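Remarks on the structure that follows.
Since the model is a prediction, treat every value here as computed from it, not as a measurement. In what follows, every heavy atom counts, from backbone to side chain, and hydrogens, waters and symmetry copies are set aside. Indexing begins at 1, ligand by ligand and atom by atom, following the structure's order.
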Amino acid sequence: MSERPFTYDIKPPDFLPSRSDNHLVRRLSDMKGHFADAGALEMMVTEADKDVYEVYEISRPAVAGELRQGISVVHPGRVGDEYFMTKGHYHLVMDDAEIYYCLKGRGLMVMQTPEGEWAVEPLQPHRVLYVLPRWGHRLVNTDAHEDLVAFVAYAGDAGHDYDTIERCGFRKIVVERGGLPEIVDNPRWIAAKER
Ligand code: S6P
Ligand code: ZN
């Protein structure tokens, strides 16, 4: 029988999808190299290897024309003064864009191009963010208590380039200063010309 159109629900209060094909959990120990304060991360991993974020994937074939979907949940917390966040990535197919629709919580999307341009956009419930082709993206939860939850949709063939971010980092990181989020230079960022 041929495949049929399908629906699923994303309902409050937790906004987890009623259907998902994969559930990924990224713990502190998966985040080595991503947070600026490596010492603080190491200590936290030893004390309690907390979940940093989770992804519920609604999988589709990895071909252009399909749309993969998911729910990303970034938990509240900090490593040193840096807020919990996703690893972040470029799409392997750099021309593939992505839609984020924020369902719950407060946060920031940190974005950049390989050429060193950067942008940070605030996320709050009911806000849509369009991630342009070529822009690497990382979700940051800046709330002290609540999960940051977003629905995402992106081209089936997009793929994930994590290596570039692992090697070079994001140009900007988000830290807490006096109880408020502040965007600062990433001491680990390696500019394209030095890569
Ligand atoms: C996929 C999309 C999201 C992220 C998720 C986790 O293109 O941007 O589903 O995969 O937010 O982030 P990351 O950086 O670990 O893939
Ligand atoms: Zn993406």
Going by distance only, is there an N or O of V152 that falls short of 3.5 Å from an N or O of ligand 1? no
Could you pull out the N/O/S protein atoms under 2.8 Å of the Zn ion (ligand 2), ignoring any water? H89 NE2, H91 NE2, E98 OE1, H137 NE2
Please identify which atoms of ligand 1 are closer than 4.0 Å to at least one heavy atom of V55. 5 (C), 6 (C)
Using 0.5 Å steps for rounding, measure from the CD1 atom of I173 to the CD1 atom of I183. 11.0 Å
At a 4.0 Å cut-off, with the gap strictly under it, does some heavy atom of G70 reach an atom of ligand 1? no
Atom 4 (C) of ligand 1 - nearest protein heavy atom and its distance: H89 CE1, 3.7 Å
How does E98 reach ligand 1, by side chain, by backbone, by both or by neither, if only non-hydrogen atoms under 4.0 Å count? side chain
Between the OH atom in Y154 and the CG atom in L67, the distance rounded to the nearest 0.5 Å is 10.5 Å
Can you tell me if H89 and H137 form a side-chain donor-acceptor pair at under 3.5 Å? yes
Is R68 near ligand 1, meaning one of its heavy atoms is under 4.0 Å from it? no
Y101 vs H126 aromatic rings, parallel, tilted or perpendicular, using cut-offs 30° and 60°? tilted
For G88, the atoms of ligand 1 under 4.0 Å from one of its heavy atoms are 14 (O)
In ligand 1, which numbered atoms sit nearer than 4.0 Å to a non-hydrogen atom of Y162? 13 (P), 14 (O), 15 (O), 16 (O)
When you check the gap from the basic side-chain N to the acidic O, do E3 and R60 get nearer than 4.0 Å? yes
Pairwise distance NE2(H145) to CZ(R106) - rounded to 0.5 angstrom: 13.0 Å
Tell me: protein heavy atom nearest atom 12 (O) of ligand 1, and distance? T86 CB, 3.5 Å
Spacing of K104 atom NZ and N141 atom CG [to the nearest 0.5 Å]: 10.5 Å
Note: D51-R26 ion pair, threshold 4.0 Å (strictly below): no
Show the atoms of ligand 1 that are less than 4.0 angstrom away from any heavy atom in Y53. 6 (C), 12 (O), 13 (P), 15 (O)
Does S18 offer a backbone N or O that forms a donor-acceptor pair with the side chain of Y56 under 3.5 Å? no
Just jot down the ligand 1 atoms closer than 4.0 angstrom to any heavy atom of H91, in number order. 7 (O)
Going by the closest heavy atom to atom 8 (O) of ligand 1, which one wins out of Y100, Y154, F151? Y100
Say whether, by atom type as modelled, one donor and one acceptor occur between the side chain of R171 and the main chain of G116 under 3.5 angstrom. yes
Exam field: side chain R167 to backbone I190, donor-acceptor pair closer than 3.5 Å: no
To which protein heavy atom is atom 10 (O) of ligand 1 closest, and what is the distance rounded to 0.1 Å? H160 NE2, 3.5 Å
Holding to side-chain contact (heavy atoms from CB on, under 4.5 Å), I want the full list of residues that pass it with A40, two or more places apart in sequence or in another chain. D37, V79
Any heavy atom of H137 sitting closer than 4.0 Å to ligand 1? yes
Numbered atoms and elements of ligand 1 in range of S72, under 4.0 angstrom, heavy atoms: 3 (C), 5 (C), 9 (O), 11 (O)
Checking the side chain of T113 only, and the main-chain atoms of R134 only, is there a donor and an acceptor separated by less than 3.5 Å? no
